[in-house]
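Here's the structure, in structure tokens; my notes come after.
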Protein chains: 2
Amino acid sequence: MPVRYAQFCPVARALEVVGERWTLLVARELLLGPRRFTDLQAGLPGISTNMLSGRLRALEEAGLVARRALPPPAASTVYELTEAATGLAVVLAALADWGRDQLGPPRPDDEVNGAWLVLGMAVGRTVPPEASGRTWELRVDGGLPAGETFHVRSDGGHLRPQRGSAADPDAVLTLGTEALVALATGTLGPGADRAAALVTVTGDEASARHLLAALAGAPTPSADA
Amino acid sequence: MPVRYAQFCPVARALEVVGERWTLLVARELLLGPRRFTDLQAGLPGISTNMLSGRLRALEEAGLVARRALPPPAASTVYELTEAATGLAVVLAALADWGRDQLGPPRPDDEVNGAWLVLGMAVGRTVPPEASGRTWELRVDGGLPAGETFHVRSDGGHLRPQRGSAADPDAVLTLGTEALVALATGTLGPGADRAAALVTVTGDEASARHLLAALAGAPTPSADA
DNA sequence: CTGCATCCGCTTCGATACTG
DNA sequence: CAGTATCGAAGCGGATGCAG
């Protein structure tokens with residue numbers, strides 16, 4: 001246990017576990033679903049292999065990550081978050097909401113990744129009761145680069161984004177990277193109207209509008225009223 | 001700007017600003033009100049002076065902390081959070097709520113500090129509408145060690161803890177460190193009944209019960225219904 | 001006494017190379 | 001594909017020194 005603040009404080013304890021460099025970004029990658037070592041490396045540009053393996057081991061020892069062997073055909077290992085780690089979604093959501101104000105336009109050397117923005121917009125957000133229980137599919141740039149397709153489920157009004165396509169979505173939303181960036185940075189304003197112009201919707205348009213409003217909408221989960 | 005992830009991601013951007021060691025703990029100290037350099041050092045056991053001055057400068061450059069000169073009699077400087085940093089309360093609240101589960105009993109070398117626990121229990125929590133607009137005073141161990149007295153205001157049901165006593169509190173709650181620890185770790189259970197037995201209340205008991213329920217209560221801000 | 005800057009030993013981080 | 005091994009660089013912790 002490398003980092004110790006020696007303070008009996010919930011914040012300090014949390015930071016001892018997930019406060020080291022890269023750790024919360026590893027959690028971010030896993031929050032959208034299980035990933036293999038190489039997938040994680042691809043989603044964390046600049047991380048070195050020893051860092052990644054070290055962080056994964058630390059998270060495993062903390063009981064936040066479990067490794068699971070895939071069945072023979074794949075013959076590989078995936079890492080996934082445990083039940084104890086699902087509470088980190090709230091932390092990531094808070095950081096994402098606060099970080100949105102700090103984001104600004106993409107910097108020259110910034111990598112842009114649909115997964116990061118989809119997660120940042122969706123996790124922790126809520127939709128009104130009438131949109132509860134729905135499932136949406138999100139395709140960024142046509143969803144071509146194999147991994148730029150996501151789906152969002154609303155469990156009791158609470159949005160849960162994941163990688164991959166949805167089995168039977170209520171609506172499919174297709175949008176370009178620029179639209180995604182504009183949506184994520186809040187450049188479109190809180191309303192979903194201008195967003196709708198940049199997004200192609202197939203299926204139930206009303207529910208799609210609810211999703212867009214949530215994705216573009218108020219940072220704080222329940223502080224708009 | 002030492003740490004750069006080079007990712008166009010709100011979470012990564014947030015962590016570039018506040019993700020380094022000690023930074024969020026400095027914010028934690030300032031969230032309860034302005035502090036001088038030496039006060040901060042006392043509230044961050046183990047931090048070295050160069051670390052603290054470095055972090056304060058970084059936070060100042062990021063526009064999250066402002067230094068203000070006290071009037072001549074004191075002839076000193078205080079650091080305080082800016083408007084841009086108030087959003088960090090949500091991040092700290094999320095970390096505190098998640099960290100509570102990781103807290104367990106105090107470790108042998110852990111320092112215990114009333115401020116950390118009061119902040120961890122109060123920040124981000126809410127009280128029902130009938131307790132909105134109230135102010136409570138909290139005295140830990142009689143509030144004697146000069147700085148173990150706090151007050152909590154509910155702005156629209158949203159709790160805002162601060163250092164020092166309240167001007168005209170609706171109720172004054174006095175409790176020992178052990179009661180505070182039990183409350184903060186959730187050892188008392190979600191109800192405020194057993195908590196009330198360990199806390200001496202002066203003033204409006206009904207509102208005090210509301211506060212205790214919030215302090216001991218559900219981690220997630222709005223997920224109990 | 002407060003608010004730092006500087007120096008030093010140690011730990012962590014990052015990049016590359018290499019193995020099951 | 002999934003890591004471990006190695007090594008220079010950077011960050012960190014602690015002590016000391018010094019100006020306002």
Side-chain angles (χ1 to χ4, degrees), chain A residues 1-7 12 15-26 29-30 34-61 65-80 109 111 146-147, chain B residues 1-7 12 15-26 29-30 34-61 65-80 109 111 146-147:
Chain A
M1 214 179 293
V3 179
R4 291 212 30 189
Y5 288 111
Q7 304 177 9
L15 289 174
E16 286 181 358
V17 182
V18 298
E20 284 178 307
R21 208 173 294 193
W22 291 109
T23 303
L24 278 172
L25 295 181
V26 173
E29 290 301 305
L30 293 176
R35 305 239 84 187
R36 296 176 303 179
F37 190 91
T38 318
D39 300 330
L40 289 171
Q41 209 176 359
L44 298 164
I47 198 173
S48 50
T49 56
N50 53 2
M51 269 277 79
L52 181 53
S53 70
R55 291 292 182 261
L56 286 171
R57 188 174 336 129
L59 286 169
E60 199 180 347
E61 285 169 6
V65 160
R67 39 197 311 161
R68 183 162 48 90
L70 290 182
S76 188
T77 314
V78 290
Y79 298 85
E80 57 188 356
D109 56 342
E111 190 162 322
Chain B
M1 215 179 291
V3 179
R4 289 212 33 188
Y5 288 111
Q7 303 175 10
L15 290 174
E16 286 181 357
V17 181
V18 297
E20 283 178 308
R21 208 174 297 199
W22 292 109
T23 303
L24 278 173
L25 296 182
V26 173
E29 292 299 308
L30 293 176
R35 304 239 84 188
R36 295 176 303 177
F37 189 89
T38 318
D39 301 330
L40 289 170
Q41 209 176 359
L44 298 164
I47 198 173
S48 50
T49 55
N50 53 2
M51 270 276 77
L52 181 53
S53 71
R55 291 292 183 262
L56 285 171
R57 187 173 339 122
L59 285 169
E60 200 180 347
E61 285 170 6
V65 161
R67 37 197 315 160
R68 184 162 49 89
L70 290 182
S76 187
T77 315
V78 290
Y79 299 86
E80 57 189 355
D109 56 340
E111 188 162 324

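Listed here is the closest heavy atom pair of B:Gln7 and A:Pro45: NE2-CD, 3.6 Å. Of all non-hydrogen atoms in B:Tyr5 and A:Trp22, the two that sit nearest each other are OH-N, 3.3 Å.
Considering CD of A:Glu29 and OH of A:Tyr79, their distance stands at 14.5 Å, rounded to 0.5 Å. The CG atom of A:Leu24 lies 9.0 Å from the CG atom of A:Leu59; values are rounded to the nearest 0.5 Å.
Checking the phosphate oxygens (OP1, OP2) of D:dA2, no side-chain nitrogen or oxygen of A:Arg57 falls inside 4.0 Å. When the side-chain nitrogen and oxygen atoms of A:Thr38 are compared with OP1 and OP2 of D:dA2, one or more of them lie within a distance under 4.0 Å.
No side-chain heavy atom of B:Glu80 sits less than 4.5 Å from a side-chain heavy atom of B:Leu30.
Of the two residues contacting DNA chain D, namely A:Gln41 and A:Tyr5, the nearest-nucleotide position lying further toward the 5' end is that of A:Gln41.
Here the P atom of nucleotide D:dC12 and the CG atom of B:Leu44 are 14 Å apart, to the nearest Å. In this structure, CG of A:Leu56 is placed 14 Å from C1' of D:dT4, rounded to the nearest angstrom. One can place CZ of B:Arg67 at 15 Å from P of C:dT2, the figure rounded to the nearest angstrom. Rounded to a whole Å, the CZ atom of A:Phe37 is 8 Å from the P atom of D:dA2. Summarising the geometry, the separation between CG on A:Asp39 and C1' on D:dG3 is reported as 14 Å, rounded to the nearest angstrom. Rounded to an integer number of Å, the gap from CG of A:Leu52 to P of D:dC1 is 14 Å.
Which of C:dG3, C:dA5, D:dA2 sits closest to the side chain of B:Ser53 comes down to C:dA5.
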Only pairs under 3.5 Å count here: list side-chain donor-acceptor contacts from residues 49-57 of chain B, not counting sequence neighbours, and write none if there are none.
{"residue": "B:Asn50", "atom": "OD1", "partner": "B:Ser48", "partner atom": "OG", "Å": "2.7"}
{"residue": "B:Ser53", "atom": "OG", "partner": "B:Thr49", "partner atom": "O", "Å": "3.4"}
{"residue": "B:Ser53", "atom": "OG", "partner": "B:Asn50", "partner atom": "O", "Å": "3.1"}
{"residue": "B:Arg55", "atom": "NE", "partner": "B:Arg21", "partner atom": "O", "Å": "2.8"}
{"residue": "B:Arg55", "atom": "NE", "partner": "B:Thr23", "partner atom": "OG1", "Å": "3.3"}
{"residue": "B:Arg55", "atom": "NH2", "partner": "B:Arg21", "partner atom": "O", "Å": "3.2"}

Contact state string [nucleotides 10-20 of chain C, B base, S sugar-phosphate only, - no protein heavy atom under 4.0 Å]: --SSBBBB---
